[in-house]
Amino acid sequence: MYGCETWSLTLQEDRKLRVFEKKVLRRIFGHRRDEVTGEWRRLHNEELNDLCSSPNIVRVIKSRRKRWAGHVARMGEERRVYRVFLGKPEGRRPLGRLAVDGWIILGMISRRWDVGIWTGLGWFRIETGGGRL
């Protein structure tokens, strides 16, 4: 969950994360035999919570987001992250559409940090015209 401090979760994404977490926990802990009927059954959510001592994944994300906000609040005013956190942007944004194409921006990011884009077929480096990473 690297970088989850910056995620902005919608209610639908929140629900999907919780469902995925329960699905993984059910896969890990498996089925249980019912004491009364002797039949195998899936674990209920309460039983999963009792077996797993770690907190809910959404709760972990929210606590990490609060911790990150505390770090940012203690940063100095010269840091851009602090200025964005306070909501005091500098200068003016020009009206209308940006003059720079998004692919140009992705190319600059790719050259600086040696990254590419995911096309569904693999990771491709932007500035080399499609060479694989």
Side-chain angles (χ1 to χ4, degrees):
M1 293 192 338
Y2 180 78
C4 69
E5 298 87 0
T6 61
W7 296 354
S8 59
L9 294 177
T10 63
L11 290 176
Q12 185 179 10
E13 292 167 339
D14 183 332
R15 183 181 167 280
K16 285 182 180 182
L17 273 174
R18 284 186 282 119
V19 167
F20 177 74
E21 180 186 27
K22 295 296 182 191
K23 184 177 181 180
V24 169
L25 289 176
R26 279 194 179 92
R27 179 78 177 205
I28 291 171
F29 291 113
H31 290 73
R32 292 285 185 248
R33 187 178 291 263
D34 194 359
E35 293 88 19
V36 178
T37 62
E39 295 178 357
W40 290 96
R41 63 174 179 80
R42 286 178 33 181
L43 292 172
H44 297 293
N45 288 345
E46 297 84 22
E47 293 171 327
L48 284 174
N49 292 339
D50 292 339
L51 289 173
C52 183
S53 61
S54 64
N56 179 332
I57 189 168
V58 176
R59 187 172 294 170
V60 170
I61 292 171
K62 288 182 180 180
S63 69
R64 287 187 183 183
R65 195 180 308 150
K66 288 179 184 178
R67 186 173 61 195
W68 173 247
H71 288 306
V72 173
R74 289 187 297 273
M75 289 181 184
E77 290 194 20
E78 66 278 356
R79 302 281 300 267
R80 288 184 189 162
V81 176
Y82 181 79
R83 290 193 301 258
V84 170
F85 181 71
L86 290 180
K88 296 180 181 177
E90 297 174 355
R92 290 183 46 139
R93 182 183 171 276
L95 295 177
R97 188 174 179 187
L98 292 176
V100 178
D101 186 18
W103 286 103
I104 296 171
I105 295 172
L106 285 175
M108 291 186 308
I109 292 171
S110 174
R111 280 190 296 279
R112 184 167 181 182
W113 290 303
D114 193 29
V115 296
I117 59 170
W118 176 255
T119 63
L121 301 173
W123 285 95
F124 290 96
R125 198 169 294 185
I126 297 170
E127 75 274 7
T128 62
R132 287 192 177 268
L133 281 177

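Any value given below was found using the heavy atoms of this structure, including those in side chains, with hydrogens, waters and symmetry copies removed. In what follows, residues are counted from 1 in the order of the sequence shown.
- Within 6.0 Å of CZ on F29 lie more than 12 heavy atoms contributed by other residues, nucleotides or ligands.
- Judged by distance alone, the side chain of E5 and the main-chain N or O of R64 form no donor-acceptor pair under 3.5 Å.
- Not counting sequence neighbours, the partners of Y82 by the side-chain contact (heavy atoms from CB on, under 4.5 Å) test are M75, E77, R79, L86.
- Residues meeting the side-chain hydrogen bond (donor to acceptor under 3.5 Å, both in side chains) test with R18, sequence neighbours left out: D14.
- Counting only residues at least two apart or in different chains, side-chain hydrogen bond (donor to acceptor under 3.5 Å, both in side chains) contacts with residues 31-43 comprise D34-T37, R41-E47.
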| task | Show the numbers, then the answer: is there a side chain to side chain contact (heavy atoms under 4.5 Å, CB included) between K66 and I61? | result | CA-CA 9 Å; K66 288 179 184 178; I61 292 171; over 6 Å; no
Would you give me the side-chain donor-acceptor pairs under 3.5 Å for residues 48-56, sequence neighbours excluded?
residue	atom	partner	partner atom	Å
N49	OD1	K22	NZ	2.6
N49	ND2	N45	O	3.3
N56	OD1	V58	N	2.8

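- Under the side-chain contact (heavy atoms from CB on, under 4.5 Å) criterion, Q12 pairs with T10, K16, sequence neighbours left out.
- Looking at V81 and W68, their side chains come closer than 4.5 Å, going by heavy atoms from C-beta outward.
- Every residue two or more places apart in sequence or in another chain that forms a side-chain hydrogen bond (donor to acceptor under 3.5 Å, both in side chains) with R74 is listed here: H71.
- Cluster annotation: I57 is connected to L9 through the hydrophobic network of ILVMFWY side chains, with a link wherever side-chain heavy atoms come within less than 4.5 Å.
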